[in-house]
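Each chain gets a letter, A, B and so on, in the order its sequence line appears, and its residues count up from 1. We use all heavy atoms of the structure for the numbers below, so side chains are in, but hydrogens, waters and symmetry mates are not.
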Amino acid sequence: MQVAKIDVKQETPVDHGEMICFSIYSGPEADFGNGKSCIWVDLLAEGGKTILAEFAPFFEDTSIKKAMFPSLILLSLCRHLVVWHNYSFDNHIIENYGFKVSGFHADTMHMARLWDSSRQTEGGYSLEALSGDPRVCHDENLIGKVSMKTIFGRGKVKKDGSNGKIITIPPVEDLQREERKLWICYSALDSISTLNLYESLKRKLSGMEWKVDGRIEGTMLDFYEKYWQPFGELLVTMETEGMLVDRSYLAEVEKVARAEQQVAGNRFRNWASKYCPDAKYMNVGSDTQLRLLLFGGTLNSKDQNESLPLEKDFKVPNIEKVIEEGKKAPTKFRNIKLCRLESKLEPEMYTASGWPSVCGDALKTLAGKVSAEFDFTDEAQVLETKEGVSEDKEAAYGTAYAAFGGGLKGKEACHAIAALCEVCSIDSLISNFILPLQGSHISGKNGRIHGSLNINTETGRLSARRPSLQNQPALEKDRYKIRQAFVAAPGNSLIVADYGQLELRILAHLANCKSMLDAFKAGGDFHSRTAMNMYPHIREAVEQKSVLLEWHPQPGEDKPPVPLLKDAFASERRKAKMLNFSIAYGKTAVGLSRDWKVSVKEAKETVARWYNERKEVRNWQDERKKEACSTKRCVHTLLGRARLFPSVDQVTSSQRGHIERAAINTPVQGSAADVAMCAMLEISKNLRLKELGWRLLLQVHDEVILEGPTESGEEAKAIVVECMSKPFDGKNILRVDLSVDAKCAQNWIMGPIQSSWIFHSAFFFSLFFCHMGNRHLCLPSNNIRPKEASSVRRAEFSIVRRTGNSVAHHLARNARCISDIAVWKDAAPRR
DNA sequence: TTGCAATGCGCC
DNA sequence: AAAGGGCGCATTGCAA
């Protein structure tokens, strides 16, 4: 299928994009008439829409019979199962025409991910990359998909008439009309490649053992059919469902955010301009400018031959309408000269490439724990400060205090840098959420936003795109209450349910760690319990009842009789909590020492304390590392999905370190993803929920959101909790309970967060979409990296051959449907 | 004008 | 010697 009028990089396929053609292929034995095995349908031709309507029964369910369609063909077609490459996209495009797509059988994109989850940097998962990779498809008689760029790309003619390096591709509508023969071959090849890919992947997955807990359950093809096939379909329905967003609320929030950002930005610029006049006009969001302003002249920590310049010109919008020398009128942009503010300021953190870092953490070290509210250019506040009205303590100021000479100047610097942090955080909220959530490109006609939920991570987690709802500010940090903009439709409510410490529970299960399992069994505050286990003096205090592990207020009590552990030993608990999360991710003592700003020795000691009662965890981690670095080269998740690593013989030691950490993390993160997936399948299978009208909308790692009628909220909530607590066919196969917290609310702020969407498709049909609207596609010729973006604009599918030949035959005979037929041998001329 | 690498930041 | 797993996405500044 090819689609026009959609920009896949920006827009959701729900309610965006139009199909311009599609092709069908069901294997070489199928005969569409005259020995042709592939048909291609032109929807741009006169009456294109009518042709599509004729195919409606093919897309839809058998029960929806259209009289206009010859019933014989209809019946045989509808019994077919369809395989797609990136089903999500095609499904949405077809649904844009009002058809419900049925007969989903498999998605080769997901199958490929299951077979090898580590292709993202090495080929990727586009149809082109997969079908052209001899390790995937090795049929000598078939060639893989050939990219549009290869076939239709032309060097863009430069102004001087010479051929440029930039490759352009004409709009697909033009190609379809003007390069007809080639175009038909190209699109036919997509469906053929998809079928070929499907057969290959089926063989691959069938050859992989599927083991759960050491017991053979079948092959990975069985796994696919049991889990990822229905999961793929579920994700698509969730994308279609979408979520309602309150735009007027967001518009209000935007005003406030912009105003606050402006104030904080001016505060910083005013201060900086005392040292460097042009800083008054700088872009505080540019890390390049900031780096020079704060650390100009510093050496690169990785290459002592390189250093930042002491001053540099930057191009900024000429808002002040300054008329530069030699110019008559103000230009659109102008140059400003930035220089280092204070040479005593020393960078403490560096970026990966060795330059001083200006990230939030680095800036906070400079500023210390001070408020961004003080504006020392404001006389009144300066006076107040001099009189000692503000309670600032010198200890709270960061390293900038001394570097800028201490006293008032030092304080000024710290407060200004704190204001800078504020600007950055507000900016990211605006550009990541407040703006995109108001745009129409990610929402459909009904005003709901339809992001995408993808199975495209190495561990099997979902990712959410357009928008990326998974990085919404956490409840406590959501200064503009953005989650409040996600609302239930009138008469409906949301159920927001999340797992408590899912990954830690998984780790406890996988490592069979007694201490952790006991702590979970005991319930209460897990991190406090960890702290108690790590520090004998805390344990003593608990045993003597001079502190409480946790406290459940009884009627009439307004505070605990003795202090709580989390208050009395706050820093120990904080460390315990960080260790709980960090260790599962493979973090080392050196990393922790930097985070905590303590010596490596001290960090090592703390880590040792953590492992002391959790020896099983260390053993388990060592086993995983060995497994990853052995000839097996892989680790597995709870449900038996594998993650393959490169051979350790061929990597650097730092890459080996990465492999070892991933080997520890993947089973934990990937198993958590398995649990969340099973829970969602349980929820979607639940007949009572269906009956009550509750639908899944979103998932974010350990949290799900449903929407349904308010009146049945409580009943539905109980069912959801049940499904999540026993996600494996109604059972919990873990050694540890799954704790679930669920709320019923009108908007998301009342509870936890989440969302995502998928893409994918596979086998008899090939639907071609073209996107990019009327714009020409411009690609530099050296861009050989097949990105997912390119696969997203295509959708390919095929029908599993059951009665393939007769169907093909009938279709081919319906001349009104078919403008042309292409056989694969004619396809894909190489240029 | 467009794409890209580097950087940074949010979440779990 | 360095040492955090997994993502998506925005912006900047530069290259083609």
Salt bridge (Lys or Arg N to Asp or Glu O under 4.0 Å): which pairs involve residues 652-679 of chain A, sequence neighbours left out?
A:R641-A:D674, A:R656-A:E660

Hey, does the side-chain of A:S582 have a donor or acceptor N/O within less than 3.5 Å of a partner on the base of C:dG4?
yes

Is A:T288 near enough to B:dT7 that one of its side-chain N or O atoms lies under 4.0 angstrom from OP1 or OP2?
no

From B:dG8, C:dC7, C:dA3, pick the nucleotide closest to the side chain of A:R291?
B:dG8

Rounded distance (Å) that lies between atom C1' of C:dC14 and atom CG of A:L292
16 Å

Separation of C:dG5 P from A:I583 CD1 (nearest whole Å):
15 Å

Establish, with yes or no, whether the OP1 or OP2 oxygen of C:dG8 is under 4.0 angstrom from a side-chain nitrogen or oxygen of A:H701.
no

Just to confirm, is there a sub-4.0 Å distance from OP1 or OP2 of C:dG5 to any side-chain nitrogen or oxygen of A:R643?
no

With sequence neighbours left out, the residues meeting ring-ring contact (aromatic ring centres under 6.0 Å, His included) with A:F581 are A:H527

Between A:D702 (CG) and B:dC11 (P), how many Å, whole number?
13 Å

At 4.0 Å (heavy atoms only), tell me whether A:G657 reaches a base, stays on the sugar-phosphate, or touches nothing.
nothing

Nearest-Å distance for atom pair CZ/P, residues A:R479 and B:dC11:
13 Å

Contacts under 3.5 Å, N or O only, protein and nucleotides 9-11 of chain C:
{"residue": "C:dC9", "atom": "OP1", "partner": "A:R466", "partner atom": "N", "Å": "2.6"}

Whole angstrom is fine here: how far is it from CD in A:Q655 over to C1' in C:dG5?
16 Å

Can you list every pair that meets ring pair (Phe, Tyr, Trp, His ring centres under 6.0 Å) and has a residue in residues 459-486 of chain A, with sequence neighbours left out?
A:F486-A:W748

Atom pair distance, as rounded to whole Å: CG in A:L429 and P in B:dC9:
13 Å

Rounded to the Å, how far apart are A:Q289 CD and B:dG8 C1'?
15 Å

Would you mind classifying the nucleic acid contact of A:Q669 as base, sugar-phosphate or nothing, using non-hydrogen atoms under 4.0 angstrom?
base

Does a donor on one side chain sit under 3.5 Å from an acceptor on the other, for A:E348 and A:T365?
no

At under 4.0 Å between heavy atoms, what does A:S653 touch on the DNA or RNA strands: base, sugar-phosphate, or nothing?
base

Test item: A:M282 and A:V316 side chains (from C-beta on) under 4.5 Å apart, heavy atoms
no

Are OP1 or OP2 of C:dC14 and a side-chain N or O of A:K312 less than 4.0 angstrom apart?
yes

Describe the nucleic acid contact of A:V668 in one word from base, sugar-phosphate, nothing, applying a heavy-atom distance below 4.0 Å.
nothing

Between A:R113 (CZ) and C:dC7 (P), how many Å, whole number?
8 Å

For A:F268, what residues pass the ring-ring contact (aromatic ring centres under 6.0 Å, His included) criterion, not counting sequence neighbours?
A:W271

Determine the interatomic distance between P on C:dA3 and the same-named atom on B:dG8; round to the nearest Å.
14 Å

A:N665 has a side chain; which of B:dG8, B:dG10, C:dG6 sits nearest to it?
C:dG6

Looking at A:T351, I'd like to know whether one of its side-chain N or O atoms comes within less than 4.0 Å of OP1 or OP2 on B:dT7.
yes

What contact category does A:F314 fall into here, base, sugar-phosphate, or nothing, at under 4.0 angstrom with non-hydrogen atoms?
sugar-phosphate

Just by modelled atom types, is the A:A418 backbone N or O under 3.5 Å from a matching donor or acceptor in the A:E422 side chain?
no

Taken in chain and number order and not counting sequence neighbours, the residues that satisfy ring-ring contact (aromatic ring centres under 6.0 Å, His included) with A:F526 are A:F520

Report yes if a side-chain nitrogen or oxygen of A:R461 is closer than 4.0 Å to either non-bridging phosphate oxygen (OP1 or OP2) of C:dG6; otherwise report no.
no

